[in-house]
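Residues: numbered from 1 along the sequence shown.
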Amino acid sequence: MHNDITILYVEDEVGIRESLSGFLDFMCNKLYIATDGVHGLELYKEHTPDIVISDIKMPKMNGIEMAKSMKAINPKQHIIFTTAHSESSYFIDTIEMHVDGYILKPVDLEKLEDKIENIIEYIRLKRDYKKQQAMLVQSEKMASLGEMFSNIAHQWRQPLSAISTCASGIQLQKDAGSLSDEYIDATCETITQKAQYLSGIIDEFNDFVHDKSIKKESNIKEIIKSALLFCELNNQNNNIKIVDSLDENIRLQTYPNKLKHALINILDNAKDALCQKGDVLDTIIENRYIFLTLKKEENEIVIVVKDNAGGIHEDIITKVFEPYFTTKHQYIGTGLGLYMTYNMVKENLNGKIQVTNTQFEYKDKTYCGAEFKITLPPLS
């Protein structure tokens, strides 16, 4: 018995249905039974089982029609057909739908068991892969939490200092006997603004750490600015200047935290490249820049992040998005960061990401560096 697998069995013949149901019930955690195609499709929509096992010739709706409706909902749905010898003409239809099996009646239980076990093994491998992906995301996040805490502390200092100054000002004016209502009102307004700013930073950090992935219409410039806020202290400490050209009015139905996370990973790698000395860089770079642009190109949204760190070695540039490719001394930082970025852009944001080496001019000087280009579909 497999405690994590559900099966839908669709069969209109009572005798066959009763004899096979006991066998299938033993093999799964939950067995749903339907007596025809219409009933089977209803149960499928309600329970979304892992595996569907169905006869082909049935009243109301045959197995082929039912399976096509299921595949329209989930193209990767696992389906096994059981059918009589006289129905071999249906082979073409089942092949075109990429079903997992086609077993002739009377059903050979050993063959059916083998097919089910093979599907279950595939399902479990896929589930394990998704769990590993989720663990990688969390692991990569935890690795950067220390830097983020430093950034939060840095961002809090000025507002806290301003609040302290306001409180001291009120006390001094009171002691001097010159405290006015106007001064109290203005000072309280300043304190309220600074407190709201601090609260906003907490919310930003909390949403990012707990990955509150809610798809919503978002201003892309605000997401980019938020990502830069997380990296601000590192950039300041390493004398990295941010040069941005961001379209104000680009909005997108997207997952803001996923996009922010992807951008933070790219910015961190650019920072590593600008600050390191070794195989890629012959000398320490004095004028360190990270350039960000956000614009629409034809019918797509394009975000470009580039640096002036000299570029990526041509022999490894095609590997930077591979997992565990962690030759940090060669440019690509933590290894998992860019791999997770690639997956987030492709799978969560429905976009594309590519990296190239580029040569460009800035302030009458020619620079060379890596350019990461994220392409996203526009707001529909």
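For residues 31-51, the salt bridge (charged side-chain N to carboxylate O under 4.0 Å, His left out) pairs, not counting sequence neighbours, are Asp36-Lys60, Asp50-Arg127. Listed by first and then second residue, the salt bridge (charged side-chain N to carboxylate O under 4.0 Å, His left out) pairs that reach into residues 295-306 are Lys295-Glu297, Glu297-Lys373, Glu300-Lys352, sequence neighbours excluded.
The salt bridge (charged side-chain N to carboxylate O under 4.0 Å, His left out) test applied to Lys225 returns Asp244, not counting sequence neighbours. With sequence neighbours excluded, the residues satisfying ring pair (Phe, Tyr, Trp, His ring centres under 6.0 Å) with His78 are Tyr122. Taking Asp247 as the reference, nothing meets the salt bridge (charged side-chain N to carboxylate O under 4.0 Å, His left out) condition, with sequence neighbours excluded. In this structure Glu248 satisfies the side-chain contact (heavy atoms from CB on, under 4.5 Å) test together with Lys221, sequence neighbours excluded. Qualifying side-chain contact (heavy atoms from CB on, under 4.5 Å) partners for Asp108, counting only residues two or more places apart in sequence or in other chains: Glu110, Lys111. For Tyr289, the ring pair (Phe, Tyr, Trp, His ring centres under 6.0 Å) partners at least two apart in sequence or on another chain are Phe291, Tyr362, Tyr367. Checked against side-chain contact (heavy atoms from CB on, under 4.5 Å), Asp364 has no partners two or more places apart in sequence or in another chain. For Gln359, the side-chain contact (heavy atoms from CB on, under 4.5 Å) test picks out Thr366, with sequence neighbours left out.
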Identify all side-chain donor-acceptor contacts of residues 7-14 below 3.5 Å with residues at least two apart in sequence or on another chain.
from	atom 1	to	atom 2	distance (Å)
Glu11	OE1	Lys105	NZ	3.0
Glu11	OE2	Glu13	N	3.0

Donor-acceptor pairs under 3.5 Å, side chain of residues 163-189 to any protein atom, not counting sequence neighbours: which ones?
from	atom 1	to	atom 2	distance (Å)
Thr165	OG1	Ser161	O	2.8
Ser168	OG	Ser164	O	3.0
Gln171	NE2	Asp175	OD1	3.2
Gln173	OE1	Ser178	OG	3.4
Ser180	OG	Tyr183	N	3.1
Thr187	OG1	Tyr183	O	2.7
Glu189	OE2	Gln193	NE2	3.1

Task: Asp4 vs Arg124, salt bridge (Lys or Arg N to Asp or Glu O under 4.0 Å): CA-CA, chis, key distance, verdict - done: CA-CA 9 Å; Asp4 55 347; Arg124 286 182 172 166; 2.8 Å; yes
